[in-house]
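These notes concern the structure reproduced below.
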Amino acid sequence: MSMAVDFSDRTKNKIRSLYRKLLKKHGSPSDSNQWKFWCKRPKTYYEKEIIIIESILTQRTNWKNVERAVQNLKMSKLASLQSVLKTNNEIIEKLIKSCGFSKQKAQRLRNVAKFVIESGGIKNLEKMPTNVLREKLLSIDGIGKETADDILLYAFERPVFVIDGYTKRFASNHKLSDRNSYDFLQQLFEQSLKKDYKIYQDYHALIVIELKGTK
DNA sequence: CACCAGGAATGTA
DNA sequence: TACATTCATGGT
């Protein structure tokens, strides 16, 4: 378990203020092409499965490549966890080749699919407490903190703040913290904001939108 | 902490 | 055309 950390009110206010600024500048991510699907609400089970698939495919990869792969899966009627599980890895590998690491990612898709289906589907997993579900996701080969939290936040709609390279840069740009470890930054954002998954979804998307194309 | 797992788009000369 | 860099990372 992570240690409780107390952050200054000044820092917390800054984080809330930055959120309002980004929202004003870019508008709601639900209206952006890139994020309207992940930030959409409500979502069907089918859409949640797609998000889980995309969260694996997008690892270390450009989003355009992910879209292509998902299109291929859809055209082959294989864009579901059931389909992934009952289809040969080589077939999946070809369809997702645009994302790179296709051999690894095909296996990773299979690992998550196996987990979800053996757990009784998303419907059943939704009854699970967030911390328990997070631990289970992290125990799957090919799912680290960022991917686990992507799945928790965008597919399961749990208030878990996702930390990625953009968020680390964002924190560093605005001098929000002297540390930039995953756990520390996650605590920082979560303790500064209302525990609301919708805010976490939008904030993370806005950070990516704000910093995309910069360095 | 360093290294490796690729494919595709974009930038540079 | 050739080569470098970057991209919604995770495992060893």
Side-chain angles (χ1 to χ4, degrees), chain A residues 22 26 28-41 43 47-73 79 89-115 134-173 179-186 189 197-215:
Chain A
L22 287 178
H26 300 286
S28 170
S30 316
D31 297 327
S32 89
N33 275 331
Q34 296 283 311
W35 289 90
K36 64 183 174 195
F37 182 58
W38 278 34
C39 291
K40 179 185 171 181
R41 180 175 61 169
K43 300 183 182 81
E47 289 169 331
K48 292 178 181 185
E49 286 198 16
I50 298 290
I51 289 177
I52 293 174
I53 290 170
E54 288 174 335
S55 72
I56 298 289
L57 293 181
T58 196
Q59 293 171 354
R60 197 59 242 180
T61 305
N62 191 296
W63 186 249
K64 274 202 181 322
N65 295 330
V66 176
E67 287 187 311
R68 227 169 261 131
V70 172
Q71 278 309 312
N72 289 339
L73 289 171
N89 268 0
E90 298 93 66
I91 307 282
I92 303 295
E93 282 170 32
K94 278 186 194 162
L95 296 172
I96 66 173
K97 195 191 285 277
S98 62
C99 299
F101 306 101
S102 53
K103 195 164 185 173
Q104 288 182 28
K105 287 179 180 175
Q107 184 57 47
R108 290 177 180 186
L109 286 178
R110 182 175 296 279
N111 296 343
V112 203
K114 184 170 184 288
F115 163 70
R134 188 171 195 263
E135 287 308 310
K136 286 185 182 289
L137 288 170
L138 287 173
S139 72
I140 298 169
D141 186 33
I143 295 191
K145 286 174 183 172
E146 186 175 337
T147 305
D149 291 342
D150 269 338
I151 293 173
L152 287 168
L153 179 60
Y154 291 100
F156 288 92
E157 303 179 324
R158 303 298 175 90
V160 175
F161 206 92
V162 176
I163 305 298
D164 61 359
Y166 291 109
T167 315
K168 289 186 176 182
R169 250 170 54 214
F170 183 76
S172 143
N173 289 162
R179 297 164 57 183
N180 74 330
S181 74
Y182 194 99
D183 295 335
F184 190 85
L185 288 179
Q186 185 169 52
F189 278 92
Y197 78 87
K198 194 57 193 157
I199 292 177
Y200 291 8
Q201 286 184 355
D202 287 352
Y203 205 158
H204 178 248
L206 285 166
I207 290 172
V208 177
I209 291 168
E210 169 75 5
L211 293 184
K212 181 165 269 192
T214 67
K215 63 174 180 170

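The structure presented is a predicted model; accordingly, all values stated were derived computationally and were not measured. Letters A, B, ... mirror the listed sequences (proteins, then strands); counts begin at 1.
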### Task
Identify the residue among A:W38, A:Y200, A:Y197 that makes a ring-ring contact (aromatic ring centres under 6.0 Å, His included) with A:Y154.
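Answer to the ring-ring contact (aromatic ring centres under 6.0 Å, His included) test with A:Y154 among A:W38, A:Y200, A:Y197: A:W38.
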Contact class for [X] vs. all strands (heavy atom < 4.0 Å): base, sugar-phosphate, or nothing?
X     : value
A:S55 : nothing
A:Q34 : base
A:L57 : nothing

### Task
Look at the side chain of A:K136 and the backbone N and O of A:F115, then say whether any donor-acceptor pair between them is shorter than 3.5 Å.
no
### Query
Is a side-chain donor or acceptor of A:K145 paired with a backbone partner of A:D183 at a separation under 3.5 angstrom?
no
Atom pair distance, as rounded to whole Å: [atom1] in [X] and [atom2] in [N]:
X      : N      : atom1 : atom2 : answer
A:W63  : C:dT6  : CH2   : C1'   : 17 Å
A:K168 : C:dC7  : NZ    : C1'   : 16 Å
A:I53  : C:dT9  : CD1   : C1'   : 18 Å
A:E67  : C:dC7  : CD    : C1'   : 14 Å
A:I140 : C:dG10 : CD1   : P     : 13 Å

### Query
Closer to the 5' end of DNA chain C via nearest nucleotide, is it A:V208 or A:L138?
A:V208
### Message
Quick check on DNA chain C: between A:K212 and A:I143, whose nearest nucleotide comes earlier from the 5' end?
### Response
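Checking each residue's closest nucleotide, the 5'-ward one belongs to A:K212.
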#### Entry: Any donor-acceptor N or O pair under 3.5 Å, side chains A:H204, A:D150
no
## Note on the structure
Protein heavy-atom contacts under 4.0 Å, written 5' to 3' over nucleotides 4-10 of chain B as B (base), S (sugar-phosphate only) or - (none), form the string -BBBSS-
### Task
Grab the two heavy atoms, one from A:K43 and one from A:K48, that are nearest each other, plus how far apart they are.
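Taking A:K43 first and A:K48 second, the nearest heavy atoms are O-CE, 3.7 Å.
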### Query
Should A:Y203 and A:F161 be marked as a ring pair (Phe, Tyr, Trp, His ring centres under 6.0 Å) after you check the CA-CA gap, both sets of side-chain angles, and the distance that decides it?
CA-CA 9 Å; A:Y203 205 158; A:F161 206 92; 5.8 Å; yes
